[in-house]
Amino acid sequence: QVQLVESGGGLVQAGGSLRLSCAASGRVISTYAMGWFRQAAGKEQEFVAAISWSGVRYYADSVKGRFGISRDNAKNTVYLQMNSLKPEDTAVYYCACQVKRINSYYSRGSYDYWGQGTQVTVSS
């Protein structure tokens, strides 16, 4: 089974940057799609970014041009580089793994394994 552990969250001022990490164990993620979701207080969980098994990247409109998703196969880790952070980016960020190859990345149901989340707080 796949275990995912997020790290790198914290408090940052608006305009700053953070890099979130999602370390996977149990399976090699290099051939699997990985995604990032977030859930802000009072809101439903929303899609942030994904990288397919073939390396194609997908982003929510709200983060395009600011966030970048990548993976390090040697470390079995996926990253979310977050730049130009805004207060509305404040949320708990979750990483997810899609074991089976399907052409769908935007919904929670497309993923098989989830991490516990890491808090990101962006101050004004």
Side-chain angles (χ1 to χ4, degrees):
Q1 304 301 305
V2 179
Q3 291 183 307
L4 305 173
V5 179
E6 302 96 334
S7 63
L11 176 64
V12 65
Q13 294 183 351
S17 299
L18 284 174
R19 188 180 73 163
L20 305 183
S21 298
C22 177
S25 61
R27 302 278 291 276
V28 177
I29 66 169
S30 61
T31 60
Y32 303 135
M34 299 291 294
W36 286 96
F37 289 74
R38 67 187 183 187
Q39 186 168 23
K43 295 183 178 180
E44 295 184 356
Q45 191 177 69
E46 65 177 353
F47 170 81
V48 177
I51 182 167
S52 75
W53 66 270
S54 60
V56 179
R57 294 171 171 85
Y58 304 84
Y59 298 99
D61 289 341
S62 60
V63 306
K64 286 181 179 178
R66 299 190 297 122
F67 291 11
I69 188 170
S70 62
R71 68 167 94 233
D72 186 330
N73 292 336
K75 296 181 179 179
N76 210 31
T77 298
V78 65
Y79 302 96
L80 184 68
Q81 178 66 47
M82 305 186 295
N83 300 319
S84 301
L85 283 163
K86 305 174 181 179
E88 50 262 45
D89 294 318
T90 296
V92 177
Y93 283 71
Y94 301 88
C95 66
C97 176
Q98 181 186 104
V99 174
K100 296 182 178 179
R101 295 178 179 179
I102 58 174
N103 192 27
S104 180
Y105 306 102
Y106 296 100
S107 64
R108 284 177 48 87
S110 297
Y111 298 86
D112 304 291
Y113 300 97
W114 293 82
Q116 296 301 119
T118 185
Q119 176 71 48
V120 172
T121 303
V122 184
S123 62
S124 301

Answer whether the closest heavy-atom distance between the side chains of Thr90 and Arg38 falls below 4.5 Å.
no
Is atom CD of Glu88 surrounded by more than 12 heavy atoms (other residues, nucleotides or ligands) closer than 6.0 Å?
yes
Does the pair Asp61/Lys64 count as a salt bridge with the N-to-O cut at 4.0 Å?
yes
Which residue, Tyr93, Trp114, Tyr94, Tyr105, forms the ring pair (Phe, Tyr, Trp, His ring centres under 6.0 Å) with Phe37?
Trp114
Without swapping roles, check the side chain of Asp72 against the backbone of Thr77 for a donor-acceptor pair under 3.5 Å.
no
Does the side chain of Met34 come within less than 4.5 Å of Leu4's, by heavy atoms?
yes
Can you tell me how far OG of Ser123 sits from CG of Leu11, rounded to the nearest 0.5 angstrom?
5.0 Å
Starting from Phe67, can I reach Leu18 by hopping between I/L/V/M/F/W/Y residues whose side chains sit under 4.5 Å apart?
yes
Look at the side chain of Arg57 and the backbone N and O of Ile69, then say whether any donor-acceptor pair between them is shorter than 3.5 Å.
yes
Tell me whether Met82 shares a hydrophobic cluster with Tyr59, the cluster being built from Ile, Leu, Val, Met, Phe, Trp, Tyr side chains joined at under 4.5 Å.
yes
Asp89 vs Arg66, test: side-chain contact (heavy atoms from CB on, under 4.5 Å). Steps then yes/no.
CA-CA 11 Å; Asp89 294 318; Arg66 299 190 297 122; 2.7 Å; yes
Can you tell me if Glu6 uses its side chain to pair, donor with acceptor, with the backbone of Val92 under 3.5 Å?
no
Is there any disulfide bond (SG atoms under 2.5 Å apart) pair reaching into residues 48-77, and which pairs are they, with sequence neighbours excluded?
none
Taken to the nearest 0.5 Å, the spacing of Tyr32 OH from Lys100 NZ works out to 11.5 Å
What residue pairs, at least two apart or across chains, pass disulfide bond (SG atoms under 2.5 Å apart) with a residue in residues 42-99?
Cys22-Cys95
Taking the six-membered ring for Trp, are Tyr58 and Phe47 closer than 6.0 Å centroid to centroid?
no
Measure across Gln81 and Ser17 and return the closest heavy-atom pair with its distance rounded to 0.1 Å.
NE2-CB, 4.0 Å
CD of Gln39 to CZ of Arg108, rounded to nearest 0.5 Å, is 8.0 Å
Shortest non-hydrogen contact from Ala33 to Ser52?
CB-CA, 3.8 Å
What are the two closest heavy atoms between Tyr111 and Gly35, and how far apart are they?
CE2-N, 3.6 Å
Taking atom types as modelled, is there a side-chain donor on Gln1 or Tyr113 under 3.5 Å from an acceptor on the other?
yes
Can you tell me how far the OH atom of Tyr79 sits from the CH2 atom of Trp36, to the nearest 0.5 Å?
10.5 Å
Option passing side-chain contact (heavy atoms from CB on, under 4.5 Å) with Leu20 (candidates Val48, Leu80, Val78):
Leu80
